[in-house]
S.K.: 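Dumping the structure here so I can ask a few things about it.
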Amino acid sequence: MPELPEVEITVRTLRPKVEGKELRALRVLDPKIPQVSPLLGLPAKVDGIFRGGKHIVFAFPKKLLVIHLRMSGRLAWDEGESVPKHTRLILEFPHGRVLFIDPRRLGTVEVMEEFSKELGPDALGDLSFLEEALRESKAPIKVWLLDQRNIAGLGNIYAAEALFLAGIDPRRPASSLGPAEIARLKQAIHQVLNEALAAMGTTLSDNAYLTPAGEIGDYQPRVYGKEGLPCPTCGTPIERVELGGRGTYFCPRCQR
DNA sequence: TCATCCCTGTGG
DNA sequence: CCACAGGGATGA
């Protein structure tokens, strides 16, 4: 579910709630999740919360608590008492709590000394590295963009959306993109991510993603999930193919 | 570089 | 019932 914009919105929403606050206790409700509580030495003050690719990092004076939401996870800020269905972890603060809710149980929770993941440059940052990096891979550009070691933050929705805006066929080998196409791609990635941030992310029909405040994201994909529907630009039916095992949506006329 | 697996839920 | 799902680690 969550890609860079959803994770970034999550972090921004939680920041004023948890930064500088004391984490009193941590309750693990799912045996799949490791007992991280002793590792953190609670209670402990949250120095900061930040995003690393799609990871959410709670920074304590000596340790980091790193959460990845994977497909169906989300964090919620809650000041009530009830425990919603699929709650896997609860971070207890004096004035409220953070709930990790994850129906599919694919999300991960770990404690690290320092943040070290094999992540490429952040998708929101300077993308000038793409010129050279794309030359070295024959993988389909869509598959390349989804590999977090290449570029961090894009997922299945926004990779498809960026390629649509750039007018690039997702099946094209990365190394086949010319300078003008790469320039369009860089611009399109930033545009799509910034649009999604402004919209507070994307909430699909299943409502799996909500901000920590419980609000939906208003981003409206142009091609993702739109198989058979008319392309917003030219009206040609959107097609779906499988790339790297993931559903991939594109306009066969606008994207070449 | 690919399939397979991890899980559970939903929609056709 | 089967297909599919905003992600990623793993092993062949």
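Throughout, a chain's letter reflects where its sequence line sits, starting with A, and its residues are numbered from 1.
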S.K.: Would the base of C/dA5 count as contacting A/Arg104 through its side chain, where contact means a donor and an acceptor less than 3.5 Å apart?
M.R.: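 Under the 3.5 Å cut-off, the side chain and the base do form a donor-acceptor pair.
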
S.K.: For A/Tyr224, answer base if it contacts any base atom (sugar-phosphate contacts may also be present), sugar-phosphate if it contacts only those atoms, and nothing otherwise; contact means non-hydrogen atoms under 4.0 Å.
M.R.: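 Touches sugar-phosphate only.
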
S.K.: Going by purine N1 to pyrimidine N3 plus the second Watson-Crick contact, or the G-U wobble pair, all under 3.5 Å, which nucleotide sits opposite C/dA12?
M.R.: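 In the structure as shown, C/dA12 has B/dT1 as its Watson-Crick or wobble partner.
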
S.K.: Whole Å only: how far is the CG atom of A/Asp206 from the P atom of B/dT8?
M.R.: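 Nearest whole value for this atom pair: 17 Å.
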
S.K.: C/dG7 P sits how many Å from A/Leu145 CG, rounded?
M.R.: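 Rounded to the whole Å, the gap is 13 Å.
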
S.K.: Would one find a side-chain N or O of A/Arg240 under 4.0 angstrom from OP1 or OP2 of C/dA5?
M.R.: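 Looking at the OP1 and OP2 atoms of C/dA5, one of them is under 4.0 Å from a side-chain N or O of A/Arg240.
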
S.K.: Contact between A/His55 and A/Leu119 at the side-chain level, heavy atoms closer than 4.5 Å - yes or no?
M.R.: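 The answer is yes, as the side chains (C-beta and beyond) meet within the 4.5 Å cut-off.
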
S.K.: Check whether any side-chain N or O of A/His68 sits under 4.0 Å from OP1 or OP2 of C/dG8, and answer yes or no.
M.R.: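 So the side-chain polar atoms of A/His68 do come within 4.0 Å of the phosphate oxygens OP1 or OP2 of C/dG8, strictly under.
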
S.K.: Tell me the interatomic distance from A/Met71, atom CE, to B/dC5, atom P, rounded to whole angstroms.
M.R.: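 Rounded to the whole Å, the gap is 16 Å.
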
S.K.: Given B/dC6, is OP1 or OP2 found less than 4.0 Å from the side-chain N or O atoms of A/Lys32?
M.R.: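 No, A/Lys32 has no side-chain N/O under 4.0 Å of OP1/OP2 on B/dC6.
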
S.K.: For C/dA5, does either OP1 or OP2 sit under 4.0 Å from a side-chain N or O belonging to A/Tyr249?
M.R.: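 Yes, such a contact exists.
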
S.K.: Send over the distance from A/Leu106 CG to B/dC5 P, rounded to a whole Å.
M.R.: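 Computing the A/Leu106:CG to B/dC5:P distance gives 15 Å.
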
S.K.: Please report the distance, rounded to the nearest Å, between NE2 in A/His86 and P in B/dC7.
M.R.: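 Checked: the NE2 to P distance equals 14 Å.
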
S.K.: Identify the heavy atoms of A/Pro2 and A/Gly73 that sit nearest to each other, and give their distance.
M.R.: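 Nearest heavy atoms, A/Pro2 then A/Gly73: CG-O, 3.8 Å.
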
S.K.: If the P atom of C/dA9 is compared with that of B/dG9, how far apart are they to the nearest Å?
M.R.: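 Between the two P atoms, the distance is 24 Å.
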
S.K.: Kindly point out which of B/dG9, C/dA5, C/dG8 is positioned nearest to the side chain of A/Lys85?
M.R.: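 Comparing B/dG9, C/dA5, C/dG8 against the side chain of A/Lys85, the answer is B/dG9.
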
S.K.: Looking at A/Lys138, I'd like to know whether one of its side-chain N or O atoms comes within less than 4.0 Å of OP1 or OP2 on B/dT1.
M.R.: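 No.
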
S.K.: Looking only at heavy atoms, which two atoms of A/His68 and A/Lys54 are closest? And how far apart?
M.R.: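 For A/His68 versus A/Lys54, the nearest heavy atoms are NE2-CB, 3.7 Å.
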
S.K.: If the test is ring-ring contact (aromatic ring centres under 6.0 Å, His included), which one of A/Tyr224, A/Tyr209, A/Tyr158 qualifies with A/Tyr219?
M.R.: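 Filter result, single survivor: A/Tyr158.
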
S.K.: Indicate, yes or no, whether a donor-acceptor pair under 3.5 Å links the base of B/dC7 to the side chain of A/Arg105.
M.R.: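 No pair found.
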
S.K.: A/Ile151 has an atom CD1; how far is it from atom P of C/dG7, in whole Å?
M.R.: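 The distance from CD1 of A/Ile151 to P of C/dG7 comes to 14 Å, rounded to the nearest Å.
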
S.K.: If you take all heavy atoms of A/Glu6 and A/Thr202, which pair is closest and at what distance?
M.R.: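 So the two residues come closest at OE2-N, 2.9 Å.
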
S.K.: Can you check the distance between C/dC1 and B/dC6, where both ends of the measurement are the C1' atom (answer in whole Å)?
M.R.: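 Going atom to atom, C1' in each nucleotide, I get 22 Å.
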
S.K.: To the nearest angstrom, how far is A/Ile67 atom CD1 from C/dG8 atom C1'?
M.R.: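 So the two atoms are 17 Å apart, to the nearest Å.
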
S.K.: Without decimals, in angstroms, what is the distance between A/Leu204 CG and C/dG7 P?
M.R.: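 The distance from CG of A/Leu204 to P of C/dG7 comes to 11 Å, rounded to the nearest Å.
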
S.K.: Check whether any side-chain nitrogen or oxygen of A/Gln148 sits under 4.0 Å from OP1 or OP2 of C/dG7, and answer yes or no.
M.R.: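 It does not, given that no N or O in the side chain of A/Gln148 lies less than 4.0 Å from OP1 or OP2 of C/dG7.
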
